[in-house]
Amino acid sequence: MNFIVFLKMVPDVIEELKIAGDGKSLDSDWLRMKLNECDEHAVEEAIILKEKTGGKVTVIALDAMELDDALFSALAKGADKAVKITGNLQNIHSPAVAEIYAKYLKDNCLIDNKTLILSGSQAIDDIEGEMIYFLAELLNLPVYGVVTSVSYNSDKNDLTIMKEFSGGIRGEFEVEIPSVLGIQAAENPPRYIPIAKIRAIMKTSTIEEIEIPEDGLTEKIAIDKLFESEVSGRAEMLEGSPEEISAKLIEIFTVKGII
Amino acid sequence: MSKTTGNTRTGFYICHCGTNIAGTVDVEKVVDYVSKLPNVVVAKHYKYMCSDPGQEMIQKDIRDQNLNRLVVAACSPFLHERTFRNVASQAGLNQFFFQMVNTREQNAWVHLDALASTEKAIDLARSAIFRVAFHKPLEQKKVPIHPGVLVVGGGIAGIHASLTLANAGKKVFLVEREPTIGGHMAMFDKTFPTLDCAACILTPKMSSVKNHPNITMWTYSEIESVDGYVGNFKVNVKKKPRYIIEDLCVGCLDCIDACVYKEPRFFDEFNQGLSKRKPVYIPFPQATPQLVVIDPETCIDFKSNKCKKTCVDVCERKAIDLNQQPEHKEIEVGTIIVATGFKPFDASGVPYYGYGVYPNVYTALEVERLINASGPTSGEVVMRDGSRPEKIAIIHCVGSRDKNTNLWCSRVCCLYSLKLAHLLKEHTHADIYNFYIDIRTPGKMMEEFYYRMAEEGTKFIRGRVADIYPDLTDEVHRRLIVKAEDTLISEIIKVPVDMVVLSTGLEPRADANDVRRMFNITCSTEGFFIERHPKLAPVNTFTDGIFLAGCCQGPKDIPDTVAQAGAAAAEALALIDSGFIELEPNTAFVVEVDCSGCKSCVPLCPYSAISYQEDKKKAYINEALCKGCGTCVASCPSGSIKQNLFEDEEIYSEIDGILNYTNIYEVSECC
Amino acid sequence: MATDIEGIKSVTLETIYDTPEGKLIQSCIQCGTCAGACPHGEYMDYPPRRIIKMLQHGLIEKVFETDSMLKCVNCYACMVKCPREIHLTEVILQLVKEQTIIRLPAVPPELQKALENNYRYGNPMGESGRKRANWVTTSSVPVRILSQNPEPVDVLWFVESYPSYHPRGQDTCRALAKILNALEIDFAILGNEEKSAGECGMLSYESGLAEALVDYNMSVFAKYKFNKMITTDPHALDAFNYRYKLYDFGYEAQHAILFIMQYHDRLKPLLKKTLGYSVTYHDSCCLGRHNKFYDEPRQLLQLIPGIKLVEMVHNRLNSICCGGGGGGMWLDTYFKSQNMERLSDIRVKEAIETGADILAVACPYEIPRFEDALKVAGYDKKIAVKDIVELVSESMED
Amino acid sequence: MLLDENKSQSGSQGWQPKIIAFFCNWCTYTAADLAGVSRIKHAPNARVIRVMCSGRVDPQFILDSFAKGADGVLVGGCHPGDCHYQEGNYKCLRRFQLFKRVVESFGINKDRLRLEWISASEGDKVRLVINDMVAKVKALGPLSLPKKFSEWDKEMNIIEEKIAGKEEAVHA
């Protein structure tokens with residue numbers, strides 16, 4: 001099997017995000033980027049599937065700060081090939097990203113009944129997880145988001161996947177290959193890779209770089225304004241003995257009409 | 001060579017020593033080389049040169065080939081120099097026309113490279129052959145041996161050695177540091193594996209020592225200095241004041257009752273502090289001699305000078321003399337037996353066993369006293385808090401087999417731990433847990449003893465205890481938890497016990513180094529005295545006439561101590577009965593014609609053997625006083641002092657031989 | 001314990017028998033002291049003694065299949081009691097631990113997060129590097145930060161992560177700053193440029209992570225001029241004195257307490273306030289067993305007027321680990337899932353037993369661990385956990 | 001024409017230094033025997049000459065050894081306070097301190113001459129000392145005094161001939 005995993009770097013919210021002077025982008029002074037959490041699960045799932053069925057895992061991402069670390073880390077975990085797409089990537093959003101990926105696939109890969117395309121089912125800057133749908137549309141493949149488990153049926157050469165729905169409902173689907181999966185959670189949490197191994201991989205492996213053409217992208221989305229959400233209210237800390245606190249609680253609930 | 005000594009006919013012999021030498025050194029190559037050297041008439045190799053056929057071969061060659069010099073390359077001269085000297089003299093050759101090459105200890109055994117080893121053997125063979133040409137015929141001086149023997153230490157080793165010698169009619173001086181003889185054995189309750197009472201077998205021997213007409217016993221005494229050499233030692237002994245006139249005291253002990261201290265309140269050494277004594281005391285009821293001793297450290301009169309001296313008043317025989325001074329005695333003896341014993345390991349040296357912290361942690365020696373019927377509790381096993389133990393842990397190897405304390409196995413702890421297990425069980429019916437690393441019970445009836453203890457129900461746990469701490473959850477007993485891995489089931493176990501017994505190992509005495517210096521013997525880095533040869537001379541030291549007995553040489557049990565003491569006594573007897581000793585003739589002498597009378601040698605001699613003859617304006621060396629170190633020889637500016645066996649020519653020719661100097665010189669001369 | 005650092009660096013499980021350490025391991029007498037001394041020995045399928053035997057028999061792979069070494073808290077208890085003086089904690093157990101972590105089917109998540117955080121953010125809690133020196137703003141005395149004022153300085157204070165971020169650790173920092181200031185020491189910190197030293201616990205798990213942090217910190221040290229380094233963290237102290245030395249770290253690193261003790265003559269008159277506390281001191285593993293500093297912390301405590309020192313059942317060489325070393329700091333959940341009793345819980349019981357008012361410590365891990373344990377035991381009002389420097393600082397108040 | 005050991009010695013491929021060791025009978029010689037009994041392997045370059053006491057070691061023995069081709073000289077005696085003859089080792093030490101300076105002033109590197117206290121129980125120290133000394137002397141290269149002496153002799157002869165020639169010329 002051929003597992004192709006699309007990754008995305010997102011802002012690391014460990015640092016407080018600041019909006020840049022233009023009001024449309026993030027201040028890059030203290031900005032750090034990290035691999036989107038769902039994408040980490042997508043990599044993990046691809047590697048788990050590869051370990052079970054054999055094959056090759058390719059990880060692909062658009063260039064961003066600290067991307068190399070993420071790609072080397074994926075290689076250390078067991079990915080076979082890492083691709084970095086470079087070029088003018090300013091103001092690029094899900095539809096355009098899908099377009100770039102689709103073009104890459106058409107130019108470089110044969111999408112046959114041994115190919116599975118994975119990506120994280122959402123990202124902090126793509127809560128809806130649109131990218132995979134745009135991509136599936138362009139590739140004319142079936143697509144499933146919020147996937148929490150994947151197993152391969154060798155007799156039928158298809159997949160059984162589990163999808164989560166709100167309200168704690170889950171659905172099991174039989175999915176043909178090829179298709180596009182948006183991974184919510186891998187079978188196991190992303191594995192730990194000793195740093196020594198990552199550092200060794202950095203010395204021995206290379207990341208393939210591909211440049212996108214200057215034009216040919218049809219950007220359909222533009223950011224008009226970024227702003228911080230307004231503070232709506234504050235938590236109030238109750239102090240005193242348990243009796244006093246419960247009395248206060250009852251009073252508050254009564255005032256608010258909860259009880 | 002600067003000069004030769006006429007018609008030198010040298011025989012060279014190299015020993016294979018089985019494969020010990022021949023396995024590394026190519027002996028044939030050595031013989032091949034040596035046979036081409038000048039002066040060498042015979043060169044041979046042989047499997048065992050020290051064997052009868054080897055010796056006969058050499059003697060035959062000496063006679064047939066008219067050899068007048070002999071070189072043997074074999075083991076260390078410490079081992080067989082005497083053997084081959086005898087070979088020479090029996091064949092009619094002066095024994096000092098012989099030189100030995102150390103080819104085993106300092107060559108074959110310490111090198112791996114056969115080529116280099118052979119080259120070294122050749123260099124040293126050549127060196128000896130060059131040297132031996134300069135040897136001179138010398139006579140050994142015979143000195144009579146003083147028949148008296150000094151035995152240092154009055155433990156079972158010293159006691160047995162003294163009695164053996166005294167029974168053979170020799171005059172023995174037994175010097176003991178403590179106020180009584182008996183040593184550690186006197187403190188024990190029973191002895192393994194026979195379980196006979198230590199006191200029952202020891203005290204008769206102690207009184208025999210006291211009463212033997214041939215034994216002069218000085219207790220509470222220490223050796224101050226030892227001078228002289230085998231056959232003629234001069235020893236200074238200091239008798240510490242016990243503030244009792246020995247001849248007058250009859251051992252009535254009234255003075256103890258009369259002491260102003262109504263209750264005993266000072267640390268009782270003999271009972272390991274488990275009971276108290278007064279400043280005037282007798283170490284234990286069977287102490288020999290039966291004399292009290294006054295301890296100036298605790299006696300109020302020594303501290304304040306204001307005591308009512310009730311002890312003095314009560315003594316009808318006026319035997320107490322608080323002004324007694326140390327007495328210094330000088331004795332002459334021919335041989336010395338060192339039997340200074342051991343020191344039990346200080347158990348606080350393993351801090352995690354809580355000795356000195358938890359009162360119910362005891363050392364084995366303390367438990368010996370607890371069990372002993374004449375001990376502080378009259379044989380009742382009652383702990384410091386007055387309770388009786390129901391569960392007891394005995395911990396082996398405390399201060400043994402541990403790089404943090406002592407590396408060696410103390411050899412007796414396993415067996416005395418088994419013995420204590422038995423005695424404690426007998427006295428208390430407690431559950432006994434023996435924690436051990438390995439049970440070591442070599443010797444006659446020892447393994448059987450182990451089985452017996454196992455059958456008695458002693459629980460054996462194979463694991464070294466890692467921690468001992470009070471059980472904080474047990475409000476009532478506050479038992480001690482003994483934590484270890486039972487390595488045989490690979491489980492960590494925590495055994496709550498009432499009493500812990502630490503089987504402490506045996507250490508050299510703290511002052512072993514001072515003793516070693518005083519007697520001019522050697523000790524290992526840990527402090528046990530070194531025997532001359534571990535197998536063939538186990539009671540001899542490197543200093544002739546000084547022998548070792550007992551635990552000062554290494555940990556051992558009572559049977560081995562007694563056997564060794566007997567052996568030491570036999571060695572001393574053999575020397576004494578030979579009547580005289582032959583001295584190495586390596587003394588120095590002055591060649592008067594060359595002496596300029598500069599006197600620089602005079603102050604160098606530590607034995608005052610060199611004097612300046614005012615009339616002749618020459619130095620003079622008293623051969624009887626010279627010990628043969630050669631220091632004066634090295635410093636004589638005119639080269640007029642020579643040392644037999646180590647003359648300058650002999651050493652220069654050794655250097656020539658090692659460096660093959662003549663050849664180089666000849667080469668450089670001829671070009 | 002003289003440890004051949006160079007020797008340890010190059011040792012691997014494959015080459016161990018070619019080293020002097022291998023000879024020691026072959027001379028193991030299988031006495032089990034290590035297993036008995038190990039605070040977690042009873043929970044290990046392969047306690048240290050068995051590991052050595054498995055290694056001797058070529059069966060070490062079996063050990064990697066278990067989590068035994070995950071339970072090692074790097075407390076040096078086995079090493080310091082080993083009668084053969086095998087460098088268990090320093091050499092062989094580390095090698096086994098590293099392989100264990102590599103081969104574990106899943107690293108316990110808390111630990112994984114801590115390791116990843118340390119790599120990415122330079123601190124195990126995943127805090128922003130920008131906030132590392134925030135505590136300085138609440139210090140009562142000025143604290144120089146080298147990146148802002150790069151003049152040469154006499155003493156570089158390596159603050160470390162827990163003191164930098166943990167609120168109680170910051171108390172220690174402010175206290176030390178006050179003491180250093182009062183002693184007129186020329187000192188400075190690295191501020192935001194500092195990253196975790198890669199303390200010994202981490203080092204034993206993760207040589208790669210350690211190297212990455214060493215490389216980083218060494219590059220920062222190279223930017224500044226200073227004479228010596230101090231730290232309040234014994235783990236960092238070990239990192240510098242045993243590991244960084246392999247990477248040409250040429251400075252003398254000293255624990256803050258030992259550093260302060262050098263100035264005891266100047267310090268004594270400054271300690272004016274009598275503290276009427278009964279204090280029991282917990283010997284930290286690295287400071288105590290590994291570096292044999294048992295007396296100095298006690299001497300410093302006794303410099304404070306009014307302090308009465310009492311000892312716990314296990315003290316000095318026999319002290320019980322707080323459970324935080326060797327990654328234990330991030331394994332509490334895992335240990336609990338294995339039904340293991342928390343070592344900090346055991347330790348505070350001993351502290352409570354002494355009747356002391358203060359449990360004094362000298363390692364930043366211990367404050368949060370013991371405070372938590374005391375809360376669990378319901379004793380947090382009766383006995384307080386304080387770093388020794390906090391007590392010293394308290395006594396300096398008028 | 002003094003030696004200059006700072007100049008690197010060449011042509012010493014496969015060369016093994018020869019070290020003459022004067023060992024006292026009671027401590028160091030016994031220790032060397034103990035090394036043997038304990039099979040403690042060490043470098044085979046030392047050749048032991050037994051003396052009763054390190055106090056017997058005449059500085060001339062050391063000079064003679066160097067002059068006749070030794071690359072190093074080792075003197076071994078009892079530890080201070082342990083001398084079998086009470087204080088022979090102190091006499092040796094006193095002489096040695098002085099003599100070391102003399103040897104150095106000749107241009108012989110100080111590592112070629114060494115005094116060690118090795119007691120009868122220190123078999124392993126024999127190994128350590130000999131191995132260390134061999135390594136240091138190996139690093140220095142051969143001393144080869146006899147060869148140098150003959151070269152210097154030749155030079156002297158030439159000089160003398162020249163002087164003689166000049167004198168003859170003057171006379172003429």
Side-chain angles (χ1 to χ4, degrees), chain A residues 9-18 26-37 39-41 43-45 47-48 51-52 64-78 185-205 241-242, chain C residues 9 12 64 67 70 94-95 97-132 134 161 165 192 195-196 198 202-216 327 330-331 333-334:
Chain A
M9 298 301 280
V10 296
D12 187 342
V13 291
I14 204 145
E15 304 293 354
E16 280 160 36
L17 300 181
K18 283 221 171 77
L26 293 170
D27 185 348
S28 61
D29 274 5
W30 282 100
L31 190 62
R32 289 195 66 181
M33 302 291 273
K34 62 182 275 194
L35 184 60
N36 174 32
E37 199 183 332
D39 291 352
E40 280 199 49
H41 282 263
V43 173
E44 185 65 31
E45 189 61 60
I47 289 164
I48 291 171
E51 281 165 356
K52 285 181 181 161
M65 266 196 291
E66 300 184 61
L67 171 67
D68 286 6
D69 282 351
L71 291 180
F72 280 125
S73 172
L75 288 170
K77 287 179 182 185
E187 206 171 308
N188 298 324
R191 67 193 63 193
Y192 183 70
I193 295 301
I195 311 302
K197 200 167 169 188
I198 299 177
R199 283 159 72 94
I201 286 281
M202 284 179 177
K203 287 187 187 117
T204 53
S205 304
S241 69
Chain C
K9 186 187 180 185
T12 67
F64 304 145
D67 68 345
L70 200 57
Q94 292 195 3
L95 295 170
K97 281 174 95 167
E98 179 145 37
Q99 288 305 311
T100 301
I101 207 103
I102 288 171
R103 298 174 200 217
L104 270 180
V107 175
E110 258 177 275
L111 177 63
Q112 177 164 347
K113 202 75 212 155
L115 296 170
E116 286 169 349
N117 282 340
N118 231 346
Y119 184 53
R120 186 170 164 82
Y121 305 112
N123 67 76
M125 42 287 252
E127 293 278 352
S128 159
R130 284 161 75 182
K131 298 175 186 160
R132 201 168 176 105
N134 280 7
S161 303
Y165 293 107
N192 298 345
K195 279 188 180 182
S196 168
M202 310 292 286
L203 288 161
S204 40
Y205 272 159
E206 244 289 22
S207 53
L209 172 61
E211 267 178 44
L213 289 167
V214 171
D215 286 353
Y216 171 80
W330 309 284
L331 285 166
T333 315
Y334 181 75

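In what follows, chains are A, B, ... by sequence order, proteins preceding strands, each numbered from 1.
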**Asked** Checking heavy atoms, do the side chain of A/E16, its backbone, both or neither come under 4.5 Å from chain C?
**Response** both
**Prompt:** Can you find a heavy atom in the side chain of A/I193 that is under 4.5 Å from one in the side chain of C/Q112?
**Reply:** no
**Message:** Which atoms of A/K34 are under 4.5 Å from chain C, going by heavy atoms: the side chain, the backbone, both sets, or neither?
**Reply:** both
**Heavy atoms from other residues, nucleotides or ligands near CD of C/E211 exceed 12 (cutoff 6.0 Å)** = yes
**Asked** Which region of C/N117, side chain (C-beta onward) or backbone (N, CA, C, O), has a non-hydrogen atom less than 4.5 Å from a non-hydrogen atom of chain A, or is it both or neither?
**Response** neither
**Message:** Any heavy-atom pair between the side chains of C/K113 and A/Y192 that's under 4.5 Å?
**Reply:** no
**Request:** Locate the shortest heavy-atom distance separating C/L209 from A/I195; write the atom from each residue and the value.
**Result:** N-CB, 3.4 Å
**Request:** Answer whether the closest heavy-atom distance between the side chains of A/I14 and C/E127 falls below 4.5 Å.
**Result:** no
**Request:** Heavy-atom distances under 4.5 Å only: say whether A/R191 touches chain C with side chain, backbone, both or neither.
**Result:** backbone
**Item:** Salt bridge present between A/D12 and C/R120 (N-O < 4.0 angstrom)
**Value:** yes
**Message:** Please determine whether a side-chain nitrogen of the Lys or Arg among C/R130 and A/D29 lies less than 4.0 Å from a carboxylate oxygen of the Asp or Glu.
**Reply:** no
**Request:** Could you tell me which portion of C/A106 (side chain, backbone, both or neither) has an atom closer than 4.5 angstrom to a non-hydrogen atom of chain A?
**Result:** neither
**Prompt:** Relative to chain C, which segment of A/P194 carries a heavy atom at a distance below 4.5 Å: side chain, backbone, both, or neither?
**Reply:** both
